[in-house]
There are 2 protein chains.
Amino acid sequence: MIELYLAEDQSMLNSALTQLLELEDDLHVVGSAGDGQTAWTEIQQLQPQVAILDIEMPGLSGLDVADQIQAAKLPTKVIILTTFAQKAYFERAVAAQVAGYLLKDSPSDDLIAAIRQVMAGATIYAPELVVNMLSADKNPLTERELAVLKAAAQGLPTKVIAAQLYLSAGTVRNYLSAIFSKLGVHNRLEAVQVAQRNKWLAS
Amino acid sequence: MIELYLAEDQSMLNSALTQLLELEDDLHVVGSAGDGQTAWTEIQQLQPQVAILDIEMPGLSGLDVADQIQAAKLPTKVIILTTFAQKAYFERAVAAQVAGYLLKDSPSDDLIAAIRQVMAGATIYAPELVVNMLSADKNPLTERELAVLKAAAQGLPTKVIAAQLYLSAGTVRNYLSAIFSKLGVHNRLEAVQVAQRNKWLAS
DNA sequence: AGTTGTTAGTGACAAATGTCATATTTTAAT
DNA sequence: ATTAAAATATGACATTTGTCACTAACAACT
């Protein structure tokens, strides 16, 4: 019997998946959550064998939870389940040594198969991602976002950035927030690192 | 008559210098302050021909004020007057296009001479600094500070850095604050930039 | 005509960050 | 032996950041 934990904030999908997984004789969902914080707390307590994590969740993202699991050296294997084939996400997932990375638009049977394979020690990535990896890692930021990030990369505080681009401070923070979310990070420094590594800040 | 503004938080030196400068027939101190914020406000109002700025001051540092003056395109020329021959300071001063950079341990006549030369369009740097420039730019950080900065450079939040180095979060913030002050900056991103430019983060 | 994406903004809130003062202990230098 | 740095810590404080929800204008595309 494989013990599963499910973290997914889209409750429709959450409940549907739970039921579906329970139909399998060898799978059992021991818990589920709609946000990263609860997920992380419960995973520590329940120590499931596999945790299926969405990335986009309120509070801690699935990637954050994966980081935690790795840092705490829990035996729990992680399968990331997300809508987006963003390279930045995938990179972070690989860095967190997740056991699997699936897209929500693959059939649910794939997930079930993946769970069993992961338990058998395999590491599985959705084929779409591999394609995405090979293709140039196009920068997902809009022009304005890039401008903001460039300014932030100088170490300028929000107010100054806003003045420089003739925006309100709030807007700048919104842009930064959007950038972080696109790059799967949580602060300016990390965002700048990612952008620099991908040479998006040239000029 | 040359109009001067003096920003220096060591009030002993502040008053002494004011009197000394007033003794010169062609010099007049139109105002002085013990902190950067007041200095900047008053300089905008008074528009002195030359501003003599200490670096270490509460609130805005002299370098910050110099930045402001440059950004606002004021006609005021800036002479930085400081105790420390730190390269990082000097770099920032040059970037802010200051007209002069003197050390507090040079004779006060040097300052007076400098003021006149600066008004004549010259740019003057204390000779000690030039020496300091040529010698390797030794990093002013202690081992521990460097460790903290390296961690911060990864984009890690305070808590994580603290855990990683077995320190309290408060200590980490203190170290960072000390680092900022040594490098003449105000946030992690800037500090990382400076450190990276000087290759202090190798390994 | 309706959907989608980008740009821009506000407001509220929690969390993180930066600053300052201050204290103790250990280590290194005079 | 005394002094001076360095390492570590706490507490208080203001400011900055980051998140989230929600709105609205405008352009491009279907």
Side-chain angles (χ1 to χ4, degrees), chain A residues 9 34-37 55-61 63-64 83-84 86 138-149 151-192 194, chain B residues 9 34-37 55-61 64 84 138-149 151-192:
Chain A
D9 73 328
D35 69 291
Q37 191 50 63
I55 292 187
E56 257 110 21
M57 288 187 294
L60 284 183
S61 79
L63 292 172
D64 295 332
T83 317
F84 308 101
Q86 291 243 330
K138 176 124 176 322
N139 127 20
L141 306 179
T142 68
E143 244 179 275
R144 233 66 241 285
E145 288 168 345
L146 193 53
V148 170
L149 187 53
Q154 319 280 138
L156 303 175
T158 308
K159 266 195 282 186
V160 177
I161 300 175
Q164 225 163 66
L165 300 178
Y166 307 102
L167 294 175
S168 86
T171 304
V172 170
R173 285 193 286 145
N174 278 154
Y175 278 137
L176 281 167
S177 204
I179 292 167
F180 301 157
S181 136
K182 284 187 184 178
L183 304 186
V185 300
H186 289 298
N187 63 53
R188 297 161 188 227
L189 236 162
E190 286 185 297
V192 169
V194 172
Chain B
D9 73 327
D35 70 291
Q37 191 49 64
I55 293 188
E56 257 109 21
M57 289 188 293
L60 284 183
S61 79
D64 295 332
F84 308 101
K138 174 108 178 334
N139 119 25
L141 306 180
T142 67
E143 241 179 277
R144 232 67 240 285
E145 287 169 345
L146 193 53
V148 169
L149 186 53
Q154 318 281 136
L156 303 176
T158 308
K159 265 194 282 185
V160 177
I161 301 176
Q164 224 163 67
L165 301 178
Y166 307 102
L167 294 175
S168 85
T171 304
V172 169
R173 285 192 288 146
N174 279 155
Y175 277 135
L176 282 167
S177 203
I179 292 167
F180 300 157
S181 138
K182 284 187 184 176
L183 304 186
V185 301
H186 290 298
N187 63 52
R188 299 161 186 227
L189 236 162
E190 285 185 297
V192 169

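Owing to the predicted nature of the structure, the values given are computational and were not obtained by experimental measurement. Residue numbers begin at 1 in each chain, while the letters A, B, ... track the order of the sequences.
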> Looking only at the side chain of B:Arg144 (C-beta and beyond, no hydrogens), which of the listed nucleotides D:dA9, D:dA7, D:dG18 gets closest?
D:dA7
> Any idea which heavy atoms bring B:Leu189 and A:Ala153 closest together, and the distance?
CD2-O, 3.7 Å
> Just N and O in the side chain of A:His186: are any of them under 4.0 Å from OP1 or OP2 of C:dA16?
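No, because none of the side-chain N or O atoms of A:His186 sits under 4.0 Å from OP1 or OP2 of C:dA16.
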> In whole Å, what is the span from the CD atom of B:Glu143 to the P atom of D:dT8?
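Rounding to the nearest Å, CD of B:Glu143 and P of D:dT8 are 10 Å apart.
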> Starting at atom CD of A:Gln37, determine the distance to atom P of C:dA14, rounded to an integer number of angstrom.
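The distance from CD of A:Gln37 to P of C:dA14 comes to 15 Å, rounded to the nearest Å.
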> If each of B:Ser168 and B:Asn187 is mapped to the nucleotide of DNA chain D with the nearest heavy atom, which maps nearer the 5' terminus, i.e. the 5' end?
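Checking each residue's closest nucleotide, the 5'-ward one belongs to B:Ser168.
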> Starting at CG of B:Asp9 and ending at P of C:dC20, how long is that distance when rounded to a whole Å?
11 Å
> Measure the distance from CG on A:Leu146 to P on C:dT7 and round it to the nearest whole Å.
10 Å
> Does OP1 or OP2 of C:dT17 have a side-chain N or O of B:Thr158 closer than 4.0 Å?
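For C:dT17, OP1/OP2 do have a side-chain N/O of B:Thr158 under 4.0 Å.
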> Taking atom C1' of C:dT19 as reference, at what distance in whole Å does atom CG of B:Asp35 sit?
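Taking atom C1' of C:dT19 as the reference, CG of B:Asp35 is at 14 Å.
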> Mind calculating the distance between CG (A:Leu60) and P (C:dA16) to the nearest angstrom?
10 Å
> Specify the closest pair of heavy atoms between B:Arg144 and B:Leu167, including all atoms of both residues, with the distance to one decimal.
NH1-CD2, 3.9 Å
> Among the candidates D:dA7, D:dG18, C:dT17, find the nucleotide nearest to the side-chain atoms of B:Arg188.
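In terms of side-chain proximity for B:Arg188, the closest of D:dA7, D:dG18, C:dT17 is C:dT17.
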> When the distance from CD1 of A:Ile161 to P of C:dA8 is rounded to whole Å, what number comes out?
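From A:Ile161 CD1 to C:dA8 P: 14 Å.
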> Contact class for A:Glu145 (heavy atom, under 4.0 Å): base, sugar-phosphate, or nothing?
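If one applies the 4.0 Å heavy-atom cut-off, A:Glu145 turns out to touch nothing in the nucleic acid.
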> Could you tell me how far apart B:Glu190 (CD) and D:dT17 (P) are, to the nearest whole angstrom?
10 Å
> Kindly give the heavy-atom pair with the smallest separation between A:Leu149 and A:Ala191, and that separation in Å.
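Here A:Leu149 and A:Ala191 meet closest at CD1-CB, 4.0 Å.
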> If I compare all heavy atoms of A:His186 with all of A:Glu190, which pair ends up nearest, and what's the gap?
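Closest heavy-atom pair between A:His186 and A:Glu190: N-OE1, 3.1 Å.
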> Check each residue of residues 169-184 of chain A for a non-hydrogen atom within less than 4.0 Å of any atom in DNA chain D, then write out the ones that pass by number, or none.
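Here the set is A:Arg173, A:Asn174, A:Ser177, A:Phe180.
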> Are the side chain of B:Asn174 and the backbone of B:Thr171 linked by a donor-acceptor contact shorter than 3.5 Å?
no
> Holding to side chain to side chain contact (heavy atoms under 4.5 Å, CB included), I want the full list of residues that pass it with A:Val160, two or more places apart in sequence or in another chain.
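A:Val160 satisfies side chain to side chain contact (heavy atoms under 4.5 Å, CB included) with A:Leu156, A:Pro157, A:Gln164 only.
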> Do you know which two heavy atoms are closest between B:Glu145 and B:Tyr175, and how far apart they sit?
CG-CD2, 3.7 Å
